[in-house]
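So that the names make sense, note that chain A is the first sequence line, chain B the second, and so on, each numbered from 1.
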Protein chains: 2
Amino acid sequence: MTGKRQQAREKNRLTLIEAVLDSVAEKGISETSVSEIIQRAGLSRGMIHLHFGGKDNLLNEAVKHSSEEYYQGLYALLNAAGDTGQERIEMIVRGDLSEEVLNRRNVSIWYAFRGEARNRAAIAAYSDTRDAKLRNMVHDAFSRIAQEAGAAEAADIARDATHGTLAMLEGMWTDYLLHPDIFDREESVRVVFRFLSALFPKHFGVNGAIANGRSKRVDG
Amino acid sequence: MTGKRQQAREKNRLTLIEAVLDSVAEKGISETSVSEIIQRAGLSRGMIHLHFGGKDNLLNEAVKHSSEEYYQGLYALLNAAGDTGQERIEMIVRGDLSEEVLNRRNVSIWYAFRGEARNRAAIAAYSDTRDAKLRNMVHDAFSRIAQEAGAAEAADIARDATHGTLAMLEGMWTDYLLHPDIFDREESVRVVFRFLSALFPKHFGVNGAIANGRSKRVDG
DNA sequence: GATTTAAATGGACGATTGTCCATTTTGGTG
DNA sequence: CACCAAAATGGACAATCGTCCATTTAAATC
């Protein structure tokens, strides 16, 4: 049984991490100082050194925490999804663009850390694992779809579809970062599926993901 | 005629801006201090206040400079391109993913500033104008293509194609940011055109942009 | 060549940074 | 209740931050 002692300890640890994420989201990394953090956390100055050994380690733990939260949300959605490739792709795309995942706080945090990734090995590592996990989920789904389509170059197609879809989602996040006030979730989803329905008409066409995305091919 | 006086003045101004960009690229924004900047520039401490009135203004000017350089490169490419929509799209895509535009220095700088955009109005403004200009160029080209294709919903298609293509390019930049060592330019170009050739087979198909991008539709 | 004036210098300055530890507080145990 | 140890406190500390200005340097003008 965990005593009051250890309970309080872990609670404070988490409070510090949340304070970092709040500060990074609101003020950016460069203004996230020790003073700022402990003020938000309502704890004393020494806690950072006590629990994390220093500010840098605390930042790294905050990145880790944020990354894990992202995946909890996405995995939860995937578990609720069906087994077909198109169902899983649709769930991932809609999930990645949903309010729960794509919101001001998450986007601010994620891009703030990305900007520092080049200079912080620990941040780059978590940025990588996050991307790798998502990539595998998407690639699995497209592999099924491409195989069902029976194209000779199914493997190539699945690889490119994965690459392009993830890149597009990444770009949608950037849209949100730069214009959170005018960002249109439904439009973003529709754009992704317009491209996918052109590439896989059988899977993402009329009866597919989007209501008014009938167009498979535009010309030709 | 510009005398030695003014010549040296402008040279030093530029030296400071370049020093900022070098520092941001190599060390990140948080480690780009006044001391770091003047050391790289080989100038004295007071120059920043003299020429820019403070460090913040210097950073803003550096963002402006970097953004303008990006466009000079892209406009130069576009002027060399043909007049058809597909030629212009191809030039933009290849240009945006070319070594000249997409390299370690530019990517590091761009994402470092993006991470701070939320908290610096001046940076956000230049990030916006850069995106808006590119968006217009791409949208013009897709509008021609969609109209030539003669689809009833040409305007909608052009809008979505623009949105999706720009998002994909954005994602490719992120790929480069995270994995500059294993990034494959040709693969990135091929992925973009695999999607585009599915959407516009006549324009980006067999005789179109990519050598082995024959596949218009994968299934169906 | 002497004078004027714009440009550049480099150190002083107070404010703020992150680290660390002597002290106090508090939950757990005998 | 007394004792121990883990947890938390908050200020001291040197280092660094960005700003600013008295002084020096050197180009332009007379």
Discussion item. Please tell me whether B/Y70 and B/D96 have a donor and an acceptor in their side chains that are separated by less than 3.5 angstrom.
Written reply: yes

Taking OP1 and OP2 of D/dA8, is either one under 4.0 Å from a side-chain nitrogen or oxygen of A/H51? yes

Side-chain contact check for B/R45: nearest option of C/dT17, D/dA8, D/dT19 is D/dT19

Rounded to whole Å, the CD-C1' distance (B/Q39 to C/dG11) equals 17 Å

Whole-Å distance, B/N12 CG to C/dT9 C1', equals 12 Å

When rounded to whole Å, the CD1 to P distance for the pair A/I38 and C/dG18 reads 11 Å

From CD of B/Q7 across to P of D/dA27 the rounded distance in Å is 12 Å

*Base, sugar-phosphate alone, or nothing: which one does B/D56 contact when heavy atoms must sit under 4.0 Å apart?*
nothing

note: A/M47, atom CE; C/dT26, atom P; distance rounded to Å ~ 13 Å

Side-chain atoms of B/L50 come closest, of D/dA27, D/dA8, C/dA7, to C/dA7

Winner on side-chain proximity to A/H49, out of C/dA8, C/dC20, D/dG18, is C/dC20

Rounded to whole Å, the NZ-P distance (B/K11 to C/dA7) equals 16 Å

Point to revise | Pair B/Q6, B/E10: side-chain N/O donor-acceptor within cut-off below 3.5 Å | key: yes

Rounded to whole Å, the NZ-P distance (B/K55 to C/dT16) equals 15 Å

Comparing nearest nucleotides in DNA chain C, the 5'-proximal residue of the pair B/R5, B/G46 is B/R5

From CZ of A/R13 across to C1' of D/dA7 the rounded distance in Å is 15 Å

Contact under 4.0 Å: B/S44 side-chain N or O vs C/dG10 OP1/OP2
no

Establish whether the base of C/dA7 is bridged to the side chain of B/R9 by a donor-acceptor pair shorter than 3.5 Å. no

task: Return no unless some side-chain N or O of B/S35 is found under 4.0 Å from OP1 or OP2 of D/dC17.
output: yes

Of the candidates C/dT9, D/dT9, D/dT19, the side chain of A/L43 sits closest to D/dT9

> Between A/F183 and A/Y176, how do the two ring planes meet: parallel, tilted or perpendicular, split at 30° and 60°?
Replying inline: perpendicular

